Amino acid sequence: MSAPKNRFRLPDGLPIALARDTSLWSGGRVATGGAPWKVVRLADAARPHLAALRRAGRAGLADPSPLGRALARRLLDLGMADPLPAPRPGPHDVTVVIPAYERADELERSLAAVGDVPVIVVDDASPAPGPLRRVAEKYGARLVRHSRNRGPAAARNTGLRLVETPFAAFVDSDCRPMDGWLDVLVPHFDDPRVAAVAPRIVPLSADTGLLARYETARSALDMGVRPALVRPGGRLGFVPTATLLVRVAAVPDGPFDEDLRLGEDVDFVWRLGDQGWNVRYEPAARVAHTPRLHPATWAKRRHEYGTSAADLARRHPGRLAPARPSAWNLAVLALLARGRPGAAAGVAAVTAALLARRLSRLPADWSLAAAIVGKGVAADAAAIGHALRREWWPLGLLTLAASRRSRVARAAAAAMLAPIALEWARQRPAIDPVSYTVLRLAEDVAYGSGVTAASARARSAAPLLPEVRLPESFPSVRDRARKAAARWIAAVRPAGRDLR
């Protein structure tokens with residue numbers, strides 16, 4: 001169901017704050033930031049309102065004037081501002097849907113945590129249904145059962161069809177919402193454009209081993225401490241549905257793709273955005289999650305996450321590119337890798353000059369173009385390093401092995417390892433930097449191996465190919481590479497056979 005038109009005006013009392021990565025230029029006439037990152041020209045009439053927002057800082061401001069509300073609407077939709085709704089105590093018009101498969105002890109802890117709201121438990125054909133039934137009866141939850149195992153997407157769809165309240169919360173059976181979670185999440189729906197809000201999901205275990213401490217620092221389900229508009233290309237491209245609160249009127253019947261055993265949450269969130277809705281991440285609401293701490297199980301789960309890439313790439317063409325570097329930035333990085341900083345600076349200066357010419361209609365000086373180029377080079381270096389650790393992991397491992405003998409390999413290894421070092425330095429987790437780096441690389445390789453395996457099975461290179469951004473007069477390198485890769489795959493793989 002598409003988002004309603006002409007019903008997006010914010011309530012007068014809803015304050016907003018500029019997002020931390022939003023920058024204002026030329027006295028507030030130009031803004032950069034958002035999800036995805038962009039450059040936006042703002043009307044001169046908005047400058048006093050922007051100045052007031054900047055002075056308010058993270059405390060936020062609710063400007064009741066028509067212009068103030070219109071500006072807030074635009075900033076929220078661009079991802080350049082965060083809403084700051086005040087927590088509101090219940091009761092809340094919410095029904096909780098819990099998909100379950102065995103693990104009755106986890107279900108009991110989840111039911112004890114969700115609070116005094118209606119609950120629907122969907123047993124996805126557990127081999128021994130008795131324990132789940134007894135736990136559901138103990139907590140007064142409604143239990144429905146699938147006759148065969150159909151996966152979490154089907155279980156959520158089954159539960160959602162039975163919901164009669166305006167809002168539904170999907171909560172996995174190994175998740176335990178913390179006190180006040182709905183008080184924080186429900187007020188976000190005062191914004192009529194919000195279709196879903198995700199809390200922060202944090203691992204919680206009595207285990208104090210190395211892997212448990214790593215999970216505390218970097219869980220795959222933990223999206224961090226900063227709120228965000230969730231959108232492809234933004235800082236947060238998706239949120240997991242391990243716990244997610246949705247506006248029932250915003251989702252069609254059967255919103256989760258039941259053909260997907262993994263990645264159904266990414267697909268669901270992306271389709272909401274495509275239909276004009278906003279999805280938000282609110283870390284002030286917290287949910288505890290039981291992590292998988294056996295090394296083999298942990299690595300296997302990361303591998304399984306990666307196997308969703310091929311199916312998602314088929315459903316959402318172009319969104320799974322592992323990197324989208326600019327050709328100009330690639331030239332700068334290549335020159336730096338070859339030890340030619342002067343030439344790299346020259347290319348960066350030319351790039352900034354050309355960009356300044358493109359931005360000449362904006363009321364901004366050369367400093368904006370220079371800042372964009374600097375940010376772009378750093379971002380593209382990090383993206384290439386990320387891809388070398390994940391989707392291009394065989395090349396990445398070769399790069400690390402060759403880093404002592406090759407200047408270019410050392411530069412690529414730095415792009416791979418520097419972001420990990422920065423992560424450790426910022427978070428200071430209870431784990432030494434060497435162990436953190438090794439586990440981070442193992443996690444990325446496990447995920448990347450899932451991507452490559454799924455791409456081979458699907459006979460598609462789409463999740464592995466970068467999208468190089470070239471001047472408009474040049475053909476797309478990605479298009480040509482995709483065609484070449486398709487020809488190579490067709491040549492080495494007979495039709496109708498799997499590469500196993």
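Quick caveat: nothing in here was measured; it's all calculated off a predicted structure.
- The main-chain N or O of A196 is never found under 3.5 Å from a side-chain atom of R247 such that the two would form a donor-acceptor pair.
- Sorted by first and then second residue, the pairs that involve residues 85-95 and meet salt bridge (Lys or Arg N to Asp or Glu O under 4.0 Å), not counting sequence neighbours, are R88-D190.
- By the 4.0 Å N-to-carboxylate-O rule, D311 lies close enough to R314 to be salt-bridged with it.
- The pair R280-D82 meets the salt-bridge criterion, since a charged nitrogen lies less than 4.0 angstrom from a carboxylate oxygen.
- To the nearest 0.5 Å, atom CH2 of residue W277 and atom CG of residue L272 are 9.0 Å apart.
- With a 6.0 Å radius and a threshold of 12 heavy atoms from other residues, nucleotides or ligands, K300 has its NZ atom at or below the threshold.
- Annotation: side chain to side chain donor-acceptor pair (under 3.5 Å) contacts of R324 (sequence neighbours excluded): E467.
- Looking only at distances, no side-chain donor or acceptor of R213 sits under 3.5 Å from a matching main-chain atom of P429.
- Taking CZ from R315 and OG from S308, the interatomic distance works out to 10.5 Å, rounded to the nearest 0.5 Å.
- Within a 6.0 Å radius of CZ in R161, more than 12 heavy atoms belonging to other residues, nucleotides or ligands are found.
- For Y447, there are no ring pair (Phe, Tyr, Trp, His ring centres under 6.0 Å) partners two or more places apart in sequence or in a different chain.
- Ionic pairing of E443 and R218 is present here: one or more N-O contacts between side-chain nitrogen and carboxylate oxygen are shorter than 4.0 angstrom.
- The closest donor-acceptor contact from the side chain of D172 to the backbone of C175 lies at 3.5 Å or more, if one exists at all.
- A distance-only check finds a donor-acceptor pair linking the side chain of R58 to the backbone of L18 [under 3.5 Å].
- Using a 4.0 Å cut-off between charged side-chain N and carboxylate O, R109 and D105 make no salt bridge.
- Looking only at atom types and distance, the side chain of R176 has a donor-acceptor partner in the side chain of T290 under 3.5 Å away.
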For the pair S455 and S460, evaluate side chain to side chain donor-acceptor pair (under 3.5 Å) and give the outcome as yes or no after the intermediate values. CA-CA 5 Å; S455 298; S460 170; over 6 Å; no

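- Here the straight-line distance linking atom CD of E258 with atom CD of E264 works out to 10.5 Å at 0.5 Å rounding.
- Salt-bridge annotation for D77 and R193: present, with a side-chain N of the basic residue lying under 4.0 Å from a carboxylate O of the acidic one.
- Using modelled atom types, one finds no donor on one side chain facing an acceptor on the other under 3.5 Å when comparing S205 with D207.
- For the pair T307 (side chain) and E304 (backbone), a donor-acceptor distance under 3.5 Å is present.
- For F189, the ring pair (Phe, Tyr, Trp, His ring centres under 6.0 Å) partners at least two apart in sequence or on another chain are F167.
- W270 pairs by the ring pair (Phe, Tyr, Trp, His ring centres under 6.0 Å) definition with H316, not counting sequence neighbours.
- Using modelled atom types, one finds a donor on one side chain and an acceptor on the other under 3.5 Å when comparing W298 with E215.
- Expressed to the nearest 0.5 Å, how far CZ of R74 lies from CG of L42 amounts to 5.5 Å.
- The list of side chain to side chain donor-acceptor pair (under 3.5 Å) pairs with a residue in residues 219-231, not counting sequence neighbours, reads R200-D222, R231-N278.
- Y436 and Y214 have tilted rings, their planes meeting at an angle from 30° to 60° on a 0 to 90° scale.
- The main-chain N or O of E106 is never found under 3.5 Å from a side-chain atom of S110 such that the two would form a donor-acceptor pair.
- Counting only distance, with no hydrogens or angles, the side chain of T216 and the backbone of A212 share a donor-acceptor pair below 3.5 Å.
- Distance check, rounded to the nearest 0.5 Å: CD of E282 to CH2 of W181 gives 14.0 Å.
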I'd like to know whether D124 forms a salt bridge (charged side-chain N to carboxylate O under 4.0 Å, His left out) with R150, so could you lay out the CA-CA distance, the side-chain angles of the two residues, the decisive distance to 0.1 Å, and finally the verdict. CA-CA 7 Å; D124 195 24; R150 295 162 54 193; 5.8 Å; no

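- Ring centroids of Y281 and F238 are separated by 6.0 Å or more, keeping the two rings apart.
- Between atom CD of residue E102 and atom CG of residue L132 there is a gap of 8.0 Å, rounded to the nearest 0.5 Å.
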